[in-house]
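Every chain is numbered from 1, with letters handed out A, B, ... down the list of sequences. Please read these numbers as outputs of a predicted model, since none were measured by experiment.
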Protein chains: 4
Amino acid sequence: METTDNKRGASRRRQVVEAALRCFEENGFHKTSMAEISEAAGMSVGHIYHYFPGKEALIAAIVELHVDQAFEHMNEAARQKGTLYDVLLVRVCEHLDKAKRIKDRAAYFEVLAECERNPKIRDIIHKADVRMMERQRELFRELEPTAAQLSDAEIDARLETFNALLLGLIRRDLTDDGACDELLRQTVERVLLYLIKG
Amino acid sequence: METTDNKRGASRRRQVVEAALRCFEENGFHKTSMAEISEAAGMSVGHIYHYFPGKEALIAAIVELHVDQAFEHMNEAARQKGTLYDVLLVRVCEHLDKAKRIKDRAAYFEVLAECERNPKIRDIIHKADVRMMERQRELFRELEPTAAQLSDAEIDARLETFNALLLGLIRRDLTDDGACDELLRQTVERVLLYLIKG
Amino acid sequence: METTDNKRGASRRRQVVEAALRCFEENGFHKTSMAEISEAAGMSVGHIYHYFPGKEALIAAIVELHVDQAFEHMNEAARQKGTLYDVLLVRVCEHLDKAKRIKDRAAYFEVLAECERNPKIRDIIHKADVRMMERQRELFRELEPTAAQLSDAEIDARLETFNALLLGLIRRDLTDDGACDELLRQTVERVLLYLIKG
Amino acid sequence: METTDNKRGASRRRQVVEAALRCFEENGFHKTSMAEISEAAGMSVGHIYHYFPGKEALIAAIVELHVDQAFEHMNEAARQKGTLYDVLLVRVCEHLDKAKRIKDRAAYFEVLAECERNPKIRDIIHKADVRMMERQRELFRELEPTAAQLSDAEIDARLETFNALLLGLIRRDLTDDGACDELLRQTVERVLLYLIKG
DNA sequence: TATGAATGAGCATTCATTCAT
DNA sequence: TATGAATGAATGCTCATTCAT
């Protein structure tokens, strides 16, 4: 009974989160009403409040979805057991791809904007940042032979620089020019190599 | 007298823009009402509409203020007639400073989020991007001796990488740890040098 | 229970329409605010929007109420199985009565004014006109023996003339003079007879 | 001096009234703002208030324009020294023409709607009605030989019927069908003759 | 668990009118 | 005579949230 209920509950929750995700991507947090989400989820407005205390909680759930995915993707890349460069390159590619989809860009910056105003979102993002940085540091030490000579602080500085670059790539002014794109990718890869090898 | 009137009008407009800026920084675009702006500007709600066709125009005015400032700051740095490194370093410092002020961070990402949903804002940002990139390319060729061997595309790729890094620095997870800050700054500076000199 | 809900919904809708009708009659479309209607309906402003997409829809609903009533009244008269003259005379009496009540006159002309500017209202009125004319033509052929010798176009011209006269009677300058009223009524009746019999 | 000023003033007043007329015809009373009128008149908003105490006064001025024109047109027709039928037929033609121009129809019904709510407008219309009826009665007695046997009340009843028919013709459902139009015109003319000759 | 009716504060915007110049 | 800056109440409409069923 309880198990069934929990399962059903979890599925219903997911249903709502996914509907919210779709709506938010389409129109942004602020222009999406609970009514729209309820329609997209095929669930009454009131019932959404059974699962989530409010709109903000929906935003939080989606932000967590995002950061969990990012973490998971990196871990997956790490599981392939390549070099550190290989692992981080996956993230570069992901970001360059995201930069091409307007919905992804919009969602990204909306989350960051929200994060600055909304303590709950900030908290989620902050924790995700810490977790991500720790995992990246681990990977640095595990996978990069030259890491032995580096302090944690030194590694962190390099990773922070890398992560900053990643984020910034999202908002690149998009050109359809493939050559230009390719050149940018090469430059970023060289910087990545430079950051890893010093 | 036309001059007087123009002056008065311009001053009133500035009054509104500045009030809006303060409100937006405090609470963000979406949570700032025209009533709040009118109060902050010491002007009736209706009269704001005498100078601006709507809230969106206020956002646009402020975004233009921001991008103009960024451009101007870079030009100022260029006027000091140092190396390209010196000029671009100024921007790094500015961004690392901005990263420390929550209002600046928030404003930054709110603008970027708005830019993805709102064509008018997108247009402003896009034009500013083009202008900025062109000026940076000029400076690269003017100030950097090694530029002679580089194609425009190559220079653009490096500058785009630099600009991406800059933007990403804004959202760095802030630590009060000065040492950490210093290390990051050094790392970024080394990347900057690497991007300039290849 | 669907039936219950539908009933409740329909009843709430009626409640709003009736409140709107009262307000509009009292002050006209343009000087009636949604807040007033909401108060008159004993329902929150927001909830009115649950049932009607906007103020215009309220106007439309009321216009439809009016035209349906007019059609129904004529049909009722027709059911009494008198002559065509009897049936149309009922409409004359109704209009002369309406002409005496300021609210009815005002509502009448407000609808017609709205109809010229507002395509949705125009559409309703136009459809009602067509329906009414067709029904009148039917009745003409059914009830009036001399109709056999007349073309549809001829009948339509007479009915249009009759309907124009009807409408015009609404705005007669009202005198309390019963004699005058009686004389007018007789004159109109003679014209009606002339229109029917040629 | 004074004459000049008066002339100038009258011309300015006319300028405003004409601008208002254009705006009202285009968008109706309620959707025309003083700002629009001021622009159309090439005069500042504030200055309009120098000549007219408010928007309502502009409406009144325009209503007076309309009723004066109608009266003048009828007098003009009377000056041609034809039969009563000829004189009144001119009005029929005018109304059938008006019925074809949406702006005229709209203006007509807007005035009538306003008339029911607004005592000042009502007063203007009422006085115009009285004046018109008296003039028509005069013409009836002057031009129609058979009038001698009729009481004033009888004549009034016929004229009122005629005027009602006229008004009603304005809102006829417009068809582009010329034949239909022609048939209607004939029917109305027959009714007119019937009303004159009894 | 599920519905959707109901609330009412909040919002951007409009506009007739006033008034200092 | 002429301007247009300035007001601020009013309007139609939205929406997160609650609650009776």
I want to check one thing: is the phosphate of [N], taken as OP1 and OP2, less than 4.0 Å away from some side-chain N or O of [X]?
X	N	result
Ser44(B)	dT7(F)	yes
His50(A)	dT1(E)	yes
Tyr51(C)	dA6(E)	yes
His47(B)	dT7(F)	no
Arg8(D)	dA2(F)	yes
Tyr49(A)	dT17(F)	yes

Rounded to the nearest Å, what distance is computed from the [atom1] atom of residue [X] to the [atom2] atom of nucleotide [N]?
X	N	atom1	atom2	value
Met34(D)	dG4(F)	CE	C1'	14 Å
Glu56(C)	dC13(F)	CD	P	9 Å
Glu36(B)	dC11(E)	CD	P	7 Å
Ile48(A)	dC15(F)	CD1	P	14 Å
Lys55(C)	dA10(F)	NZ	C1'	11 Å
Phe29(D)	dT14(E)	CZ	P	23 Å
His30(C)	dC15(E)	NE2	P	13 Å
Asn27(C)	dT11(F)	CG	P	11 Å

**Request:** Drop me the distance from Ile62(A)'s CD1 to Leu21(A)'s CG, to the nearest 0.5 angstrom.
**Result:** 5.0 Å

**Asked** Side chains of Tyr108(A) and Glu116(B): closer than 4.5 Å at any heavy-atom pair?
**Response** no

**Asked** So which one's nearest nucleotide on DNA chain F is more toward 5', Gly46(B) or Gly54(C)?
**Response** Gly46(B)

**Asked** With nearest nucleotides of DNA chain F determined for Val45(B) and Pro53(C) from heavy-atom distances, which residue corresponds to the more 5′ nucleotide?
**Response** Val45(B)

**Request:** Enumerate, in order of first residue number, the stems that involve DNA chain F, defined as 3 or more consecutive Watson-Crick or G-U wobble pairs with both distances under 3.5 Å.
**Result:** E:2-21 with F:2-21

**Asked** So what does Phe52(B) hit on the nucleic acid, given a heavy-atom distance under 4.0 Å: a base, only sugar-phosphate, or nothing?
**Response** nothing

**Request:** Determine the contact category for Ser38(B): base if any of its heavy atoms lies under 4.0 Å from a base atom, sugar-phosphate if only primed atoms, P, OP1 or OP2 are that close, otherwise nothing.
**Result:** nothing

**Item:** Partners meeting side-chain contact (heavy atoms from CB on, under 4.5 Å) with Asn27(D) (sequence neighbours left out)
**Value:** Lys31(D), Thr32(D), Glu36(D)

**Message:** For Thr32(B) and Arg12(C), find the nucleotide of DNA chain E closest to each by heavy atoms; which residue's nucleotide sits nearer the 5' end?
**Reply:** Arg12(C)

**Request:** Please report the closest heavy-atom contact between Ile121(D) and Cys115(D), naming both atoms and the distance.
**Result:** CG2-CA, 3.8 Å

**Fill in**
Shortest non-hydrogen pair, Lys103(C) vs Glu25(C), comes out as CG-O, 3.6 Å

**Asked** Is the His50(A) ring parallel, tilted or perpendicular to the His47(A) ring (thresholds 30°, 60°)?
**Response** parallel

**Message:** If you count heavy atoms of other groups shown closer than 6.0 angstrom to CD of Gln69(C), is the number above 12?
**Reply:** yes

**Request:** Please list, chain by chain and in numerical order, all residues satisfying salt bridge (Lys or Arg N to Asp or Glu O under 4.0 Å) with Glu114(B), sequence neighbours excluded.
**Result:** none

